[in-house]
Structure formats: structure tokens, C-alpha cells
Amino acid sequence: MTRYAITGAAGMLGQDLQRALEGRDVTALTRSDLDITDAAACAKALEGFDVIINAAAYTAVDDAETNEAAALAINGTGVENLAKAAAAANAKFVHVSTDYVFKGDATQPYGENDPRDPINAYGRTKAAGEEAALAVHPEGTYIVRTAWLYGAGGPNFAKTMVKLAGSHPEITVVNDQLGQPTYTRDLAAQIVKLVDADAPAGIYHGTNSGTATWFDFAREIFRLSGNDPERVQPTDSAAFKRPAARPAFSVLGHDAWLAAGIEPMRPWLEALEQAAEDGVLAA
């Protein structure tokens, strides 16, 4: 029987990965169970597994600007430790990465093999993790880049919008950043499809299809949670000064799925409607 390990299992995606793998031999490892910055601990904890899925990450984008070393320890060194452990166990290693490895100034979807060019510390640490994993375990590493995640199991933009709908008569949301809202339930299912298909190792873009701005996304969240979408008004990024620069264009292409014979993820609005049915947008 195939043995699976999930690191970062307590996070939003980690919880949905556990659900997607229900009924299989799964070991869910939280931060308290495994410190991925400890190479020896990783090697010991991951012996005997066939598939290792890493959903652990330092995700505080703004904080990483002044704590890049701490972010790199998890997003870079930690990923390398896991990849080395996977190589030693002859296991598949699925690592969840991000659109932030790109500069965000493109005009067409980023391809899986487009050059990395991050514009902030978080993106640099995630790029380092990708490069390390592919270097130490090239035949068994699957990089799954995602973006704009929301789901039931943690704080996220969708939940924040629902909360604000209950406390603010009107909100403003940026309308000059384009991306792909992605439901963690869909991403978890897609990762399982990737592993089950015995697809070629390499880079895949795990985002729901289509495009939206944060403003578009917010309006649909309001609508689907029973609130008036006209209460959401557009603004631009200049109105929100933050320590870390954000990519203006975070649209990822899905050619690798098609090449592997796997259907890309469904449209983002269809996924959001499912999330509403699942109770993710409940107040």
C-alpha cells in the first residue's frame, strides 16, 4: 500500500489534502510533529514513505521583508531537507510553491518553464526552495505553483471579505492586480490526481482557470454570501502601501497538465460557487 506523508498538515491546504486522501495510508505532520528546518529530523521522520507532499511554508509576505533569513529557513532550506529525505526514500516529492516566483509584469499567462524573477523576499525564498528541490531530487520532484488561495481551514481573503461585509457598509478593493482565485479543496484534489497519474516530474501550475482582479473576486464573494456586491468599490494598489511589492499579473498557464493527460482545474467562479455551497462563505 502506498504510504503518504503531508507536511504542513494543519494549514488550510494541509487540511484539504487530508480530506482528499481520506481512506489511504496517510501520516499528517504538523509543525509540532516535524521541524522541516532540521535535516536529520526530516530524514528520520520520512523514512519508508512513497509520497511526500509539502504544504508547509512561511507565508507572511510582508513580514518576510525584514525576516528573510527566517523565511528562507522554511521556504528554502526546509524544502531542500524534505527533497533530500524524499530522494533517500525513493519517494515522490510534491512541493507547493507560488506565483510570487515571477515578477508579475507579463501580459500572457506564465508558463511552467518561464524564468523565475521574484520582486520580494517571500518570492525569493520560494524560488530558492523550488531550485533546491529540483536540484537534489530531479527525477521525483513535482513543483505545484498556486496563487490566491482560500478555503475552509484557515484565514484567507474570502473569509475576510465575508467578515467585512458584516461590519462595513462599503469596502474598497484593488482592481489593478490580476490573478486566479484558487479553492484549496480543488488544489488538494488536483495534487492527488497528479500523484495517481504517475505523471512526469517537473513543474505544474495549480490554479483554478480564468482570471479575476481582487475587486472581481470580492464582488463575487459578496454576491454568493448574500450581500450586495455594489458595496464593494474599486481602488488601485497605490492606495494600499505595504512593505512587500505584489505582482500585478499572477496568471499561470496550465500546459503541463494537458501534456500529462490531466485536465486543468475548473474555472475560479465555478469553484467559488462550490465553496459557498460548502459553507466557506458563511458569516
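Bear in mind that the values here come from a model prediction, so they are computed numbers and not experimental data.
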Check: Phe240 and Thr172 side chains under 4.5 Å, non-hydrogen atoms: yes

Donor-acceptor contact below 3.5 Å, side chain Arg223 vs main chain Pro229: no

Check: Phe157 ring centroid to Trp214 ring centroid under 6.0 Å: yes

Derivation and outcome, side-chain contact (heavy atoms from CB on, under 4.5 Å), residues Asn54 and Val79: CA-CA 8 Å; Asn54 179 41; Val79 174; 3.9 Å; yes

OH-CD1 distance between Tyr4 and Ile53, expressed to the nearest 0.5 angstrom: 8.0 Å

Exercise: identify the closest heavy-atom pair between Val136 and Ala83: CG2-CB, 3.4 Å

Nearest heavy atoms of Glu220 and Leu272, plus distance in Å: CB-CD2, 3.7 Å

Where Ala218 and Val232 come nearest, the two heavy atoms and their spacing: CB-CG1, 3.9 Å

Test log, rule salt bridge (Lys or Arg N to Asp or Glu O under 4.0 Å), inputs Arg145 and Asp99: CA-CA 6 Å; Arg145 295 186 184 128; Asp99 60 299; over 6 Å; no

Validation row: Leu29, Leu46 side chains within 4.5 angstrom (heavy atoms): yes

Over 12 non-hydrogen atoms of neighbours within 6.0 angstrom of CZ in Arg31: no

Side chain to side chain contact (heavy atoms under 4.5 Å, CB included) partner of Gln190, chosen from Thr146, Ile262, Val195: Ile262

From CA spacing to verdict: side chain to side chain donor-acceptor pair (under 3.5 Å), Ser237, Asp176: CA-CA 7 Å; Ser237 299; Asp176 58 356; 2.7 Å; yes

Heavy-atom closest pair, residues Val101 and Gly123: CG1-O, 4.2 Å

Asp50 side chain near Asn90 side chain, heavy-atom distance below 4.5 Å: no

Basic-acidic side-chain contact under 4.0 Å: Asp114, Lys103: no

Spatial distance of atom CG (Asp62) from atom OH (Tyr122) [nearest 0.5 Å]: 12.0 Å

Closest non-hydrogen atom pair between Glu130 and Ser97, with its separation: OE2-OG, 2.7 Å

Cluster check Leu187, Leu252: I/L/V/M/F/W/Y, side chain < 4.5 angstrom: no

Point-to-point distance, once rounded to the nearest 0.5 Å, from OG1 of Thr182 to CH2 of Trp268: 11.0 Å

Test item: Glu65 side-chain N/O and Ala121 main-chain N/O as donor-acceptor pair under 3.5 Å: yes

Cluster link Leu134 to Tyr142, ILVMFWY, side chain under 4.5 Å: no

Positive for side chain to side chain contact (heavy atoms under 4.5 Å, CB included) with Gln180, one of Met265, His254, His205: His254

Spacing of Ile52 atom CD1 and Thr141 atom OG1 [to the nearest 0.5 Å]: 9.5 Å

CG/Asp105: more than 12 non-hydrogen atoms of other groups inside 6.0 Å: yes

Whether over 12 other heavy atoms sit under 6.0 Å from Glu22 CD: no

From CA spacing to verdict: side-chain contact (heavy atoms from CB on, under 4.5 Å), Tyr150, Ile221: CA-CA 11 Å; Tyr150 67 94; Ile221 292 164; over 6 Å; no

Minimum heavy-atom distance Ala201-Pro138, with the two atoms named: CB-O, 3.8 Å

Asp196 bridged to Arg24 by N-O distance under 4.0 Å: yes

Identified side-chain hydrogen bond (donor to acceptor under 3.5 Å, both in side chains) partner of Tyr183 from the options Asn208, Asp16, Asp278: Asp278

Spacing of Leu149 atom CG and Thr207 atom OG1 [to the nearest 0.5 Å]: 9.5 Å

Stepwise side-chain contact (heavy atoms from CB on, under 4.5 Å) test for Thr7 and Leu82: CA-CA 9 Å; Thr7 54; Leu82 294 172; 3.9 Å; yes

In one Ile/Leu/Val/Met/Phe/Trp/Tyr side-chain cluster, 4.5 Å: Trp148, Leu224: yes

Centroid-centroid distance, Phe102 to Phe249, less than 6.0 Å: no

Full working for side-chain contact (heavy atoms from CB on, under 4.5 Å) between Val173 and Met161: CA-CA 10 Å; Val173 179; Met161 291 301 103; 4.2 Å; yes

Nearest-0.5 Å distance, CD of residue Gln233 to CD of residue Glu170: 4.5 Å

